[in-house]
There are 2 protein chains.
Amino acid sequence: MTSPAVPRKRTDKGAQTRARILEAAIELFRERGYDGTTMRGIADRAGVSLGNAYYYFKSKEVLVQDFYRRSHTEHLDSAERVLATETHVEARLRGVLLTKIETSEPYHRFSGVLFKTAADPESPLSPFSEESAPSRRESTRLMERVIEGKGLRTTPDLRAELPDLLWTYQMGIILFWIHDRSEGRKRTRILIDRTVPLVIRIVNLGSLPVIRTLTRRATAFLRELRDAREIPPTPAD
Amino acid sequence: MTSPAVPRKRTDKGAQTRARILEAAIELFRERGYDGTTMRGIADRAGVSLGNAYYYFKSKEVLVQDFYRRSHTEHLDSAERVLATETHVEARLRGVLLTKIETSEPYHRFSGVLFKTAADPESPLSPFSEESAPSRRESTRLMERVIEGKGLRTTPDLRAELPDLLWTYQMGIILFWIHDRSEGRKRTRILIDRTVPLVIRIVNLGSLPVIRTLTRRATAFLRELRDAREIPPTPAD
DNA sequence: GTCTATAACCGGATAGAC
DNA sequence: GTCTATCCGGTTATAGAC
């Protein structure tokens, strides 16, 4: 008697359609790759009209992005489990990187497309863009957690820069992974296995007296660079 | 009496048309950017038909590439002049990097497009692809010349890897430059000025006894990685 | 206001005649 | 070598249904 003619199941009329479209897209991307998939094909398989598909997804690209976003959250989850069990930095770092490429595996085929647009400074998808700041923040947060592990000897100033540096390192690994055509991404795995200990060792060397001044200078510059980035470009000066 | 009815200037019937099209493309890219330029517009301005434009350039992308190739050769020239006058590694490296961003400046606007396709592993434009091996080779050759300068203390094994490492460093600088919106690319210039000395110093540190084993291990791995890349992926093993 | 569909538009790319 | 005619697929405009 309270509620008028409003239908009960208000939950998600279109949300389901949206899901159907995304599902169809994922299937087709898997079957034929990004370029081989057409928006018309996606709409067809989802049983909707072309225009309708565009009602839910502004472009073909955001379809891949939505698809890829899954991998990001999956990674956060898996990484969480790694961090809960591993206590040594080295193991933590290796674990975070390995889970990254593992959760990304289903997307390897289109990672090229993703990376492509990511490299474009105009694109909101660029890892350096304003829009992707949240997920970048999440990734560096992960690195903050990583370096809470045992086995790291470092100075406070270097430590402060480490999350960003490790994020960059991770980007490098991903770039390698994208180009890795070996079965089981064996080559990327080797890369991780070999470079993680090196990275940790190099960081630890940073506290050696001979290297101290160098480290200090480098971190000072990094800090400067990072802080300048936060501030919108100054037309003056 | 020897030559029949054939016109004398046989040199380049179509080569001129080709040039006209490229010229028109460059103008339009400059005026309206990559996306704002259409193949029809290019053909129009060049005074040829659309189909004809495609006869000379397989795609819109290769037009930008041809355009960009100029910058590459220009850079080789400018770098040559730098290497002829500068004797110290640091000055040589800085000079090579500065001329790189300076000769690339006219292309800054589309560098996004270039980099975009370059990041795609499928693309023949990818700096890691077979097709771009020649220009990559030229760039690492340049780095070989750079390290012939004075002021470098290093071991043979590290030295052997340096050209590739410095090429990677240069790629990093370019990535930064692409995203650099500061006037006169001031930020990239600062980046170069600050990091070049650091890089040289780090390399020189590589010969310190404490670091030797680390360097040796790292270079061994790099060599392994590089050599494996030359060999086509082995399906066996 | 939320959803769905049809009919274009636009621009990159190709086929094939001359 | 050059053109015209088309294709193809991403994207948009727009109209109507719920």
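What you are looking at is a predicted structure, and each value in this text was computed from that prediction instead of being measured.
Using the six-membered ring where Trp is involved, Phe29(B) and Phe110(B) have ring planes that are tilted, between 30° and 60° apart.
For an aromatic pair to be called close, the ring centres must be under 6.0 Å apart, and Tyr68(B) with Tyr107(B) satisfies this.
Contacts between residues 38-60 of chain B and DNA chain C, defined by a heavy-atom separation under 4.0 Å, are made by Thr38(B), Met39(B), Arg40(B), Leu50(B), Tyr54(B), Ser59(B), Lys60(B).
Running 5' to 3' along DNA chain D, contacts with non-hydrogen atoms of chain A at under 4.0 Å begin and end at dG9(D) to dT12(D).
Under 3.5 Å, the side chains of Thr140(A) and Arg137(A) contain a donor-acceptor pair of N or O atoms.
With rounding to the nearest 0.5 angstrom, the CD atom of Gln170(A) is 8.5 Å from the CD1 atom of Ile173(A).
Under the salt bridge (Lys or Arg N to Asp or Glu O under 4.0 Å) rule, Glu105(A) has a single partner from Arg189(A), Lys100(A), Arg185(A), which is Arg185(A).
By the 4.0 Å N-to-carboxylate-O rule, Asp66(A) lies close enough to Arg18(A) to be salt-bridged with it.
Each side chain to side chain donor-acceptor pair (under 3.5 Å) pair with one or both residues in residues 48-60 of chain A, not counting sequence neighbours, would appear here, but there are none.
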